[in-house]
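So that the names make sense, note that chain A is the first sequence line, chain B the second, and so on, each numbered from 1.
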Number of protein chains: 2
Amino acid sequence: MSKKRLGNVWMGETCPIRQVLDRFGDKWSILIIELLSQEGKLRFSEIAQTIGDISQKMLTVTLRSLESDGLVTRRFYPEIPPRVEYELSDLGRSLVPHIEQLTGWGQAHMATIMENRRLFEAKRMEKN
Amino acid sequence: MSKKRLGNVWMGETCPIRQVLDRFGDKWSILIIELLSQEGKLRFSEIAQTIGDISQKMLTVTLRSLESDGLVTRRFYPEIPPRVEYELSDLGRSLVPHIEQLTGWGQAHMATIMENRRLFEAKRMEKN
DNA sequence: CAACTTACTTACCTTTTAGTAACAATCGTG
DNA sequence: CACGATTGTTACTAAAAGGTAAGTAAGTTG
């Protein structure tokens, strides 16, 4: 009768969907992973300039958390001025195809979604 | 020299990664899609009870936006008390395999990520 | 010796996201 | 005629996320 309510997969921190969302649902992580995948090694300032509208603060915290999780490697060259290069790790690279699957789906269907949204809004209006 | 700074794919609303993140980066959408994929047709209250820690408000706004985008269908039965059934549309179903790819990667590697995070934190501590 | 460069860090503030709790609509039942 | 059941809505609040702007280090250049 009851579809097991206790300890089911959908609740709490053990739910794999929530884990993934928790790690990659932020504004910049996936974007930076995909960028590094396409461009290879990049300096801090190159990432900043390519993305364009990321703040210095968010770029550092995002890169730091990607490094902390072993998705990105950071190489520091103690020159003056300093140089830092970021690159995907093997773990990071292993994620890329799955991201691209998802964005591929996005490219294929996002226009439909926007149109659906428009139609839904139109229907909602005519009921008032 | 300059890797085209103007109108590049990484900036603005045309970037497919940002579009996907914008639509699915919220706390509940993907979870609900996957739940409907596994359980088929579900009532409002069944979704609420299975997830357990979603608020009534967030369940309605998330379902409403999924419906608006054509990812979920809503069938209303004007009984007393009312009954509403939610189900994935074809468009919604077409997204499921890509979500599962990603959560599959999560299940395979999240333990490593957590361990990396622990090690990184340990290193950070010993430097102070 | 002030200015410049790069890669940060920090304090502060704004915006966005989500939660809480109360209320609405509906009609059959006790 | 109050009550319960179900699917919402609304106003208010709390928390999280992210942006802004200023500061830091450290050697090189004019």
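- Between the CD1 atom of I80(A) and the C1' atom of dA25(D) there is a distance of 8 Å, rounded to whole Å.
- At a threshold of 4.5 Å between side-chain heavy atoms, the hydrophobic network of Ile, Leu, Val, Met, Phe, Trp and Tyr places L91(B) and V20(B) in one connected group.
- I33(A) and G92(A) make their closest contact through CG2-O, 4.3 Å (heavy atoms, listed as atom of the first residue, atom of the second, distance).
- Side-chain nitrogen and oxygen atoms of R64(B) include at least one within less than 4.0 Å of the OP1 or OP2 phosphate oxygen of dG8(D).
- One interatomic measurement links the two molecules: CZ of R83(B) to P of dT26(C), which rounds to 19 Å at whole-angstrom precision.
- In terms of position on DNA chain D, the residue among P81(B) and K57(B) whose nearest nucleotide sits closer to the 5' end is P81(B).
- Side-chain nitrogen and oxygen atoms of R43(B) include at least one within less than 4.0 Å of the OP1 or OP2 phosphate oxygen of dT7(D).
- Among the atoms of the strands shown, base atoms are found under 4.0 Å from some heavy atom of Q56(A).
- Within 6.0 Å of the CD atom in E79(A), the count of heavy atoms belonging to other residues, nucleotides or ligands exceeds 12.
- Side chain K27(A) to base dG18(D): no donor-acceptor pair is found below 3.5 Å.
- Within 4.0 Å of S55(B), counting heavy atoms only, lies at least one base atom of the nucleic acid.
- Here dA25(D) presents its C1' atom at 15 Å from CZ of F44(A), a figure rounded to the nearest Å.
- Ring geometry, W105(A) versus F24(B): the interplanar angle exceeds 60°, so the pair is classed perpendicular (tilted spans 30 to 60°).
- Distance, I54(B) CD1 to dA18(C) P: 9 Å, rounded to whole Å.
- dT9(D) atom C1' lies 15 Å from atom CG of L63(B), rounded to whole Å.
- The side chain of S45(B) contributes an N or O atom lying less than 4.0 Å from OP1 or OP2 of dT7(D).
- The CG atom of D26(B) sits 17 Å away from the C1' atom of dA15(D) (whole-angstrom rounding).
- The interatomic distance linking D53(B) (CG) with dT17(C) (P) rounds to 19 Å, in whole Å.
- In this structure, M58(A) atom CE and dA16(D) atom P are separated by 15 Å, rounded to whole Å.
- In terms of heavy-atom proximity, P82(A) sits nearest to F76(A) at CB-CE1, 3.9 Å.
- Residue Y86(B) has a polar side-chain atom (N or O) positioned under 4.0 Å from OP1 or OP2 of dG8(D).
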